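Just so you know, ligand 1 is whichever comes first in the structure, and atom 1 is the first atom listed for that ligand. Quick caveat, the model's predicted, so the values are computed rather than measured.
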Amino acid sequence: MPLIKEKTKMKEQDPKKRIKNFHEVALGYSLEDALKEASRCLQCKDSPCVRGCPVNIEIPAFIKLIKEGKFDDAIKKIKEKNNLPAICGRVCPQENQCEKFCVMGKKFEPVGIGRLERFAADWEIKKGIKNPKKTKSTGKKVAVVGSGPAGLTCAGDLVKLGHEVTIFESLHKPGGVLVYGIPEYRLPKKIVEIEIDYIKKLGAEIKTDFVIGKILSVEELLEEYDAVFIGTGAGLPRFLGIPGENLNGVYSANEFLTRVNLMKAYLFPEYDTPVKKGKRVAVIGAGNVAMDSARTALRLGAEKVYIVYRRSEKEMPARNEEIEHAKEEGIEFMLLTTPTEIIGDENNWVKQMKCIKMKLGEPDESGRRRPIPIEGSEFPVDVDIVVIAIGQSPNPLVPEATKGLKIAKHGNIITDENGRTSLERVWAGGDIATGAATVIAAMGAGKKAAADIHKFLSE
Ligand code: FAD
Ligand code: SF4
Ligand code: SF4
């Protein structure tokens with residue numbers, strides 16, 4: 001077979017249609033697509049792609065199984081390392097991870113590893129996931145705080161090793177950012193539910209509406225459990241600190257997305273959480289969270305949605321794919337622009353934003369060129385919703401409520417490379433330790449900590 005240079009395309013919903021619904025944008029590979037894409041893999045002996053995957057999935061092995069039509073075995077191979085493959089196959093920034101190291105990518109397009117992983121996972125879901133076998137109990141008990149990808153992975157690996165695991169989650173649904181942050185049109189909640197159900201069937205118990213640091217402290221957990229893993233994430237929104245940020249109609253991206261994703265605000269009054277559906281929406285920031293907020297606002301019925309970013313397109317932190325999707329859907333990019341004030345009407349609802357044009361100076365400590373305001377370039381923009389998406393910090397509750405836990409300057413819990421914290425029998429990982437990162441990085445941290453907790457419990 002001749003070498004196929006390009007990655008097999010994945011079908012997508014048409015932009016004109018998809019901006020009117022919350023259904024998934026990317027539709028996945030058909031069987032023919034998957035077989036074609038699997039045939040592009042060179043089966044490299046030293047498999048550099050595996051080194052790019054934070055959970056080290058045996059990529060050439062699972063792709064070979066897909067190529068041979070052994071889909072059952074392919075998903076089994078993936079699940080040896082990854083309990084959440086349908087999620088990762090959808091949201092992993094593969095271009096910076098496994099696919100970045102793919103040998104095919106040196107001359108042509110890399111193999112679509114994430115798309116193939118999604119194909120295998122979706123194939124198993126369609127067929128019906130078999131209940132996993134439960135491992136005989138070791139009698140050791142572990143408490144996991146937070147049910148995001150870090151907590152779920154740590155819990156999944158520990159129950160597979162026979163330990164009894166209870167996950168404590170403050171919200172009413174488990175999944176962390178997977179359920180409250182990443183929108184339905186990128187990651188259907190049904191998929192998240194199915195993969196969480198798998199972790200439960202492995203034997204993990206999940207207690208929701210249970211805030212650690214309020215209902216029970218980490219010290220109290222240590223009285224009942226042999227070890228504690230903290231995976232409480234980075235959900236504390238940052239704000240601009242400009243006048244008018246407390247007006248009605250100004251949301252942090254976190255609140256805006258949580259209302260829509262988790263509380264189904266777009267179905268109000270059927271669901272009881274409302275959200276203001278703006279006609280002109282400004283989203284401040286240009287990372288993935290900003291793109292998610294902008295595209296969500298569009299689906300809620302906005303006529304104009306702006307991404308307002310103080311640097312240029314080159315510096316935008318969002319994935320290229322997200323930026324392309326946003327552009328296809330008609331989001332307008334106001335680059336080299338920053339708001340200086342938000343102005344309200346007589347009822348304190350947002351009506352306008354004052355902005356100023358910026359130019360780029362020398363690189364700052366982040367390595368990106370520093371934006372400098374251009375004097376006299378102020379201009380108004382009429383808006384009725386402003387969403388602030390300029391980053392999140394670690395959730396402070398558990399670090400602040402836990403005596404003796406060492407914390408870095410920005411509120412992150414300090415750990416060693418295995419996730420051990422300054423406290424005996426307490427591990428941490430994911431965004432709470434690294435600051436806002438990725439699903440698979442959080443999973444990698446959960447996995448490392450689980451291995452180390454197991455070692456400790458086996459001593
Ligand atoms: P989280 O997912 O934040 O989970 C932490 C959990 O702990 C939450 O459920 C929280 O409710 C719970 N918790 C907090 N405090 C307590 C407490 N005191 N007691 C009990 N429970 C508590 N990454 C990607 O790889 N791809 C993407 O496409 C992507 N898109 C994103 C889109 C958005 C809108 C956001 C916000 C992030 C996105 N990310 C993406 C980043 C990624 O989701 C995070 O890096 C990842 O979820 C971190 O996992 P975690 O388990 O550390 O924390
Ligand atoms: Fe690549 Fe993510 Fe799958 Fe790992 S989990 S192989 S990084 S897509
Ligand atoms: Fe296949 Fe690329 Fe991995 Fe080589 S580097 S084994 S081509 S996926």
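Residues E313 and F333 are not in side-chain contact: their nearest non-hydrogen atoms beyond the backbone lie 4.5 Å or more apart. Contact check for L42 versus L3: side-chain heavy atoms found under the 4.5 Å cut-off. Between Y225 and E164 the shortest side-chain heavy-atom distance does not fall below 4.5 Å. Side-chain contact between I182 and V177 is present, with at least one heavy-atom pair separated by less than 4.5 Å. Annotation: side chain of E328 is in contact with side chain of R18 (closest heavy-atom distance under 4.5 Å).
Screening T434, I432, T421, V426 for a side chain to side chain contact (heavy atoms under 4.5 Å, CB included) with T415, the sole residue that qualifies is T421.
Ligand 1 has a nitrogen or oxygen under 3.5 angstrom from a nitrogen or oxygen of A150. The shortest N or O to N or O distance between R186 and ligand 1 is under 3.5 Å. For ligand 1, the polar-atom distance check against G151 finds no nitrogen or oxygen pair separated by under 3.5 Å. Remark: ligand 1 and V91 share an N or O pair separated by less than 3.5 Å (distance only, no angle test). Residue I212 has at least one nitrogen or oxygen atom sitting less than 3.5 Å from a nitrogen or oxygen atom of ligand 1, judged on distance alone. The shortest N/O to N/O separation between P149 and ligand 1 falls below 3.5 Å. Residue Q392 places no N or O, backbone or side chain, under 3.5 Å from any N or O of ligand 1. Geometrically, ligand 1 and V439 share a nitrogen or oxygen pair separated by less than 3.5 Å.
The closest approach between any non-hydrogen atom of M443 and ligand 1 is not below 4.0 Å. Within the 4.0 Å heavy-atom cutoff, A437 counts among the residues contacting ligand 1. Not a single heavy atom of A436 sits under 4.0 Å from any atom of ligand 1. The shell of residues lying under 4.0 angstrom from ligand 1, judged by heavy atoms, includes L397. Contact annotation: E322 has no heavy atom less than 4.0 Å from any atom of ligand 1. The shell of residues lying under 4.0 angstrom from ligand 1, judged by heavy atoms, includes P93.
Contact check on E32 versus K36 returns no salt bridge, with no Lys/Arg side-chain nitrogen under 4.0 Å from an Asp/Glu carboxylate oxygen. With respect to the salt-bridge test (charged N to carboxylate O, under 4.0 angstrom), the residues E219 and K403 do not qualify. Contact check on R299 versus E329 returns a salt bridge, with a Lys/Arg side-chain nitrogen under 4.0 Å from an Asp/Glu carboxylate oxygen. The pair K79-E124 meets the salt-bridge criterion, since a charged nitrogen lies less than 4.0 angstrom from a carboxylate oxygen. Using a cut-off of 4.0 Å between Lys/Arg side-chain N and Asp/Glu carboxylate O, K76 and E80 are scored as not salt-bridged. A salt bridge does not link R115 with E37: every distance from a Lys NZ or Arg NE/NH1/NH2 to an Asp or Glu carboxylate oxygen is 4.0 Å or more. In summary, E224 and K141 engage in a salt bridge, as defined by a charged side-chain N under 4.0 Å from a carboxylate O.
Set against the non-hydrogen atoms of V211, the atoms of ligand 1 under 4.0 Å away are 18 (N), 19 (N). For ligand 1, the atoms sitting less than 4.0 Å from at least one non-hydrogen atom of D431 are 44 (C), 45 (O), 46 (C), 48 (C), 52 (O), numbered in the order shown with element in parentheses. Atom numbering of ligand 3 starts at 1 in the shown order; those under 4.0 Å from a heavy atom of P60 are 6 (S). Interface atoms of ligand 2 facing N82, defined by a heavy-atom separation under 4.0 Å, are 5 (S). Which parts of ligand 1 touch G176 is read off a 4.0 Å heavy-atom cut-off, strictly below it: atoms 2 (O), 4 (O), 8 (C), 9 (O). In the vicinity of F210, heavy-atom distances shorter than 4.0 Å reach the ligand 1 atoms 19 (N), 20 (C). Counting the atoms of ligand 3 from 1 in the order shown, those under 4.0 Å from a heavy atom of C44 are 4 (Fe), 5 (S), 6 (S), 7 (S).
L42 N, 3.2 Å is the protein heavy atom nearest to atom 7 (S) of ligand 3. Looking at atom 12 (C) of ligand 1, its nearest protein heavy atom turns out to be E169 OE1, 3.4 Å. Nearest protein heavy-atom contact of atom 37 (C) of ligand 1 is V177 CG1, 3.4 Å. Of the protein's non-hydrogen atoms, T232 CG2, 3.5 Å is the one closest to atom 16 (C) of ligand 1. Of the protein's non-hydrogen atoms, the one nearest atom 1 (Fe) of ligand 3 is C41 SG, 2.4 Å. Among all protein heavy atoms, the one lying closest to atom 5 (S) of ligand 3 is V103 N, 3.4 Å. What sits closest to atom 13 (N) of ligand 1 on the protein, heavy atoms only, is S170 OG, 3.6 Å. Annotation: atom 2 (Fe) of ligand 3 to nearest protein heavy atom, C102 SG, 2.4 Å. Among all non-hydrogen protein atoms, the one lying nearest atom 5 (C) of ligand 1 is G231 O, 3.3 Å.
In this structure, CD1 in I242 is found 7.5 Å from CE in M353, a value given to the nearest 0.5 Å. The CD atom of E184 sits 11.0 Å away from the NZ atom of K190 when rounded to the nearest 0.5 Å.
The heavy-atom pair separating H23 from Q13 by the smallest distance is O-NE2, 3.2 Å. The minimum heavy-atom distance linking N56 with R51 is given by the pair ND2-CA, 4.3 Å.
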Side-chain polar contacts of residues 191-200 - donor-acceptor pairs under 3.5 angstrom, sequence neighbours left out - could you list them?
residue: E195; atom: OE1; partner: A86; partner atom: N; Å: 3.3
residue: E195; atom: OE1; partner: I87; partner atom: N; Å: 3.2
residue: E195; atom: OE2; partner: A86; partner atom: N; Å: 2.9
residue: D197; atom: OD2; partner: K201; partner atom: NZ; Å: 3.2

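Listing protein N, O or S atoms at distances below 2.8 Å from atom 1 (Fe) of ligand 2, with waters left out, gives C98 SG.
Between F71 and F119, the ring planes are perpendicular. Angles over 60° get that label, and only those under 30° would be called parallel.
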